[in-house]
Amino acid sequence: EFRRVLFRSPSLYGFYYSLFEIKYLRATHFVGLENYYYLITDPEFLGVVVRSFGFTAVAVALTVAVALAIALWINQLTGWFALVIQIAVVLPWVVSHVVGALLFRWVFVNEIGLGLYFLEQIGIPGFRPLGNATAAMTVLILFAVWRTLGYAVLLLLAGLKSIPEDFYEAAHVDGASAWQRFTRITLPMLRTPMLITLVLLTVSNLNNVEAPLIVTGGGPADATNILPLDLYMRAF
């Protein structure tokens, strides 16, 4: 009965088995909090946690900012052009995580990729994204933004569509400027969609192992080794 309850609650199930020594994917003997002690005393683990939260904070903030700007732009469009823009923005989110990561790596990371070719054409030759820690983390953040931008745009655009036009018309009659209408009407009315977007993007970035594994491989020198990849490497 106890095991049946655990299987119905994944969090309790995971915590219960973390108290055992795991060999060949099976729990052997009870070790208590020894696994947690091993983890927190690992000198590399703190750096992984700091990098993970830094990566997530920047990626989520940048995604929401860009998504809001694009959603505001799309909301002003009509006809087939608006549909084409929405499809182009959503496409990276629709494709498989692995396929998207491989495409991004081929374009922006590989030495024969189109991204590096265009950089050379505009006068930035010899740039290697994985050559230093800052560039590699920037590439990982850009991939996270590119990958989740479409989802954020859809949520925010749905929120914009739900705002009654009467509010803007009344504000315009009262002489409110475009910035005042944005800060006094749009942002307060988007509070719930933005909160949902922030939560979902945060969870997504903290659980995405495909991005660091495929795009940067955790390098150079563990500069992009964030929590999901670290857990994956420890497990397998």
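One is the number of the first residue; the rest follow in order along the sequence. This one's a predicted model, so the numbers in the text were calculated from it and none came from an experiment.
- Evaluation of the side chain to side chain donor-acceptor pair (under 3.5 Å) test over residues 139-159, restricted to residues two or more places apart or in two chains, returns His97-Arg147.
- The local environment of CD in Glu44 is sparse, with at most 12 non-hydrogen atoms from other residues, nucleotides or ligands closer than 6.0 Å.
- In the hydrophobic cluster analysis, where Ile, Leu, Val, Met, Phe, Trp and Tyr join through side-chain heavy atoms closer than 4.5 angstrom, Val48 is grouped apart from Ile141.
- Side-chain N or O atoms of Asn35 include one that pairs as donor or acceptor with a backbone N or O of Phe20 at under 3.5 Å.
- Thr186 and Leu72 get closest at one heavy-atom pair: CG2-CD2, 4.2 Å.
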Residues Ile214, Phe104; criterion side chain to side chain contact (heavy atoms under 4.5 Å, CB included); working and verdict
CA-CA 9 Å; Ile214 298 175; Phe104 192 89; over 6 Å; no
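- Looking at Asp42 and Arg234, a side-chain N of the basic residue comes within less than 4.0 Å of a carboxylate O on the acidic one, giving a salt bridge.
- For the side chain to side chain contact (heavy atoms under 4.5 Å, CB included) test, residues two or more places apart in sequence or in another chain that qualify with Ala67 are Leu149, Ala152, Val153, Leu156.
- In this structure, the side chain to side chain contact (heavy atoms under 4.5 Å, CB included) partners of Pro228, at least two apart in sequence or on a different chain, are Val209, Ile226.
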Trace of the side chain to side chain contact (heavy atoms under 4.5 Å, CB included) decision for Leu19 with Phe15
CA-CA 7 Å; Leu19 304 178; Phe15 175 73; 4.1 Å; yes
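- Closest non-hydrogen pair, Ala59 versus Asn205, comes out as CB-ND2, 4.2 Å.
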Side chain to side chain contact (heavy atoms under 4.5 Å, CB included) between Arg181 and Phe167: does it pass, once the steps are laid out?
CA-CA 9 Å; Arg181 294 196 297 269; Phe167 292 175; over 6 Å; no
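- Here the CG atom belonging to Leu201 is positioned 11.5 Å from the CG atom belonging to Asn208, to the nearest 0.5 angstrom.
- Applying the 6.0 Å contact sphere to OH of Tyr168 captures more than 12 heavy atoms from other residues, nucleotides or ligands.
- A donor-acceptor pair is defined here as one N or O able to donate and one able to accept, closer than 3.5 Å; no such pair exists between the side chain of Asp174 and the backbone of Ala176.
- Counting heavy-atom neighbours within 6.0 Å of Glu34 CD, excluding the residue itself, gives a total of 12 or less.
- In this structure Asp222 satisfies the salt bridge (Lys or Arg N to Asp or Glu O under 4.0 Å) test with no other residue, sequence neighbours excluded.
- Listed by chain and number, the residues in a salt bridge (Lys or Arg N to Asp or Glu O under 4.0 Å) with Arg191 amount to none (sequence neighbours excluded).
- Of all non-hydrogen atoms in Gly159 and Ser162, the two that sit nearest each other are O-OG, 2.6 Å.
- The 12-atom threshold is not exceeded at OH of Tyr232, counting heavy atoms of other residues, nucleotides or ligands nearer than 6.0 Å.
- Closest heavy-atom contact between Phe45 and Leu39: CB-O, 3.5 Å.
- Under the salt bridge (Lys or Arg N to Asp or Glu O under 4.0 Å) criterion, Lys161 pairs with no residue, sequence neighbours left out.
- Taking every heavy atom of both residues into account, Thr202 and Leu198 meet most closely at OG1-O, 2.7 Å.
- Nearest heavy atom pair, residue Ala133 against residue Pro220, reads N-CG, 4.0 Å.
- Val90 and Val95 are members of different hydrophobic clusters when ILVMFWY side chains are connected at heavy-atom separations under 4.5 Å.
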